Asker: 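One structure follows; several queries about it will come next.
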There are 2 protein chains.
Amino acid sequence: MRKRAASDEATRIRLLEAAGPVFAAQGFHKAKIRDICARAGANVAAVNYHFGDKLGLYTEVLRYSVSAAVLDPGLITGAPEAKLRGFVHMMLDSVFKATRPAWYMKLVLQEMSNPTPAIDELVKEFIRPRYRLLCELIGEMIGQSRNARITQLCAHSVVGQARHYLIANIVIERVWPQFRFTPDELEELTDHITAFSLAGIKAAGKTRKKIRSKSAAWGK
Amino acid sequence: MRKRAASDEATRIRLLEAAGPVFAAQGFHKAKIRDICARAGANVAAVNYHFGDKLGLYTEVLRYSVSAAVLDPGLITGAPEAKLRGFVHMMLDSVFKATRPAWYMKLVLQEMSNPTPAIDELVKEFIRPRYRLLCELIGEMIGQSRNARITQLCAHSVVGQARHYLIANIVIERVWPQFRFTPDELEELTDHITAFSLAGIKAAGKTRKKIRSKSAAWGK
DNA sequence: GCGCGTTTCAAACATCTGTTTTAAACTGGC
DNA sequence: GCCAGTTTAAAACAGATGTTTGAAACGCGC
């Protein structure tokens, strides 16, 4: 019996490459395996043969592209402000890039909106490390632990803003038709979210101190 | 021929009342009309008889509950800061309220994430007026038009934050298990988003002025 | 070139779910 | 109390779509 050799996995690879953009654009449920197979030039049965079922393919797509170095949090370096911008940029950048690593963020956002059983692995392998990074960054800014409530609230404020633009396009284009996702406007948007959040984070840090001194004033 | 009298619409009303929470919790596609009919104590054919099809029922549910005064932005009064908090509260409050008017916000958020053909009417009748209100509010704060880019960017920053908590619970509970949607924490969250946004908006106003004076310095 | 495990393919299958059908039950007016 | 129009009910229907089947094609080692 011959084990699966690299050369034999051509169809498997083609399926993974074809499925990524489809799942990223349409989400798990709306994506049709007949569509994916057509793009991959493969028979529908190939999905079952190579991955067991649709969810198996989906899970493998997630694993297959999580290694994309472009999204490596290690790339985000420098001053806290620059790091924050790097984080926001990482999230928004995926709008344009159609290359393999980039649609991964769309996959993540799809999964956040419409979770599948793959959510657990995705959280563990991708989301949690980046969430932690963001919390450490914010905590550092306001002199709080990364586990502090205020720190995590701020983290979700940052993520929420970026996410909004990536998944609410249909509504945004109706209430604000002038807004377009050109590269220039993406930069503008990145700058806005960064500046807006920076101010919000600083204010949160001050409020926290205020509350603390207030408690101190009340005595113990 | 007898026209549809009020007393004849018992089934119709029961269907609308039963469908609201189901659509709000699961969205249009995941909601099953057999489930809705079972809750309403009606036959599946009743949906087609009274509303034509599933989308007809969905659209009527949207119309049926849009009049809910709880979500009336006119109720949001006071200083700009208080108005902003009122707006945020309006969005978040729907998490708990299981009463008729309250799950409407969930319907709106579902529609924003997974639009149906009903999106146009929803934008026109519900979203746009509130978006305009928010923009006027923010514009007033930073001395800009409600149509200014910076104003609208800030508006989306506010909406994005609130929306995040209402639709990403699955992820939030995994990266931050301690967070719960108790009434107290909902107040805390409302306060946080308001304060965070207030700081962000003020900073955006200042940046704008800075840019303007910079342009002025460059001469014309 | 034979044999055996591997891979591909077209077709059939199964299920879920919105929709339609057809007849029966009901309701109010005469 | 019957009739016309209205409403309800159970069942059948139809389309989309994930899954399985069984046979054919392939490819490597002997």
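All heavy atoms count here, side chains included; hydrogens, waters and symmetry mates do not. No experiment lies behind these values; they were computed from the predicted model shown. Chain A is the first sequence line, chain B the second, and so forth, proteins listed ahead of strands; every chain is numbered from 1.
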Asker: When the nearest nucleotide of DNA chain D is assigned to B/N43 and to A/N48 on a heavy-atom basis, which residue is associated with the more 5' position?
Answerer: B/N43
Asker: Select from A/R34 and A/G41 the residue whose nearest nucleotide in DNA chain C is closer to the 5' end of that strand.
Answerer: A/G41
Asker: Expressed as a whole number of angstroms, how long is the span from A/D35:CG to D/dA16:P?
Answerer: 15 Å
Asker: Report the distance from atom CG of A/L55 to atom P of D/dT19, rounded to the nearest whole Å.
Answerer: 9 Å
Asker: Nearest whole angstrom, please: distance from the C1' of D/dA16 to the NZ of B/K32.
Answerer: 12 Å
Asker: Give a yes/no answer on whether the side chain of B/H29 brings an N or O atom under 4.0 Å of OP1 or OP2 in C/dT17.
Answerer: no
Asker: Specify the separation, in whole Å, of atom CD1 of B/I33 and atom P of C/dC16.
Answerer: 15 Å
Asker: Measure from the ring center of A/F179 to the ring center of A/Y165 and say whether it is less than 6.0 Å.
Answerer: yes
Asker: Could you tell me if A/E111 and A/Y58 have a donor-acceptor pair between their side chains, going purely by distance under 3.5 Å?
Answerer: yes
Asker: Where does the angle between the aromatic ring planes of B/F196 and A/F196 fall among parallel (under 30°), tilted (30 to 60°) and perpendicular (over 60°)?
Answerer: tilted
Asker: Between P on D/dT19 and CD1 on A/I36, what's the gap in Å once rounded to a whole number?
Answerer: 11 Å
Asker: Taking the minimum atom-to-atom distance to the side chain of A/A45, which one of C/dT21, C/dT6, C/dA10 wins?
Answerer: C/dA10
Asker: The test is salt bridge (charged side-chain N to carboxylate O under 4.0 Å, His left out); show your working for B/R85 and B/E187 and say whether it passes.
Answerer: CA-CA 10 Å; B/R85 192 185 192 283; B/E187 287 302 308; 2.9 Å; yes
Asker: Report the distance from atom CD1 of B/I13 to atom P of D/dT7, rounded to the nearest whole Å.
Answerer: 13 Å
Asker: Rounded to whole Å, how long is the line connecting atom NZ of B/K54 with atom C1' of D/dA14?
Answerer: 16 Å
Asker: Let me know the distance between NE2 of A/H50 and P of D/dT19, rounded to the nearest Å.
Answerer: 15 Å
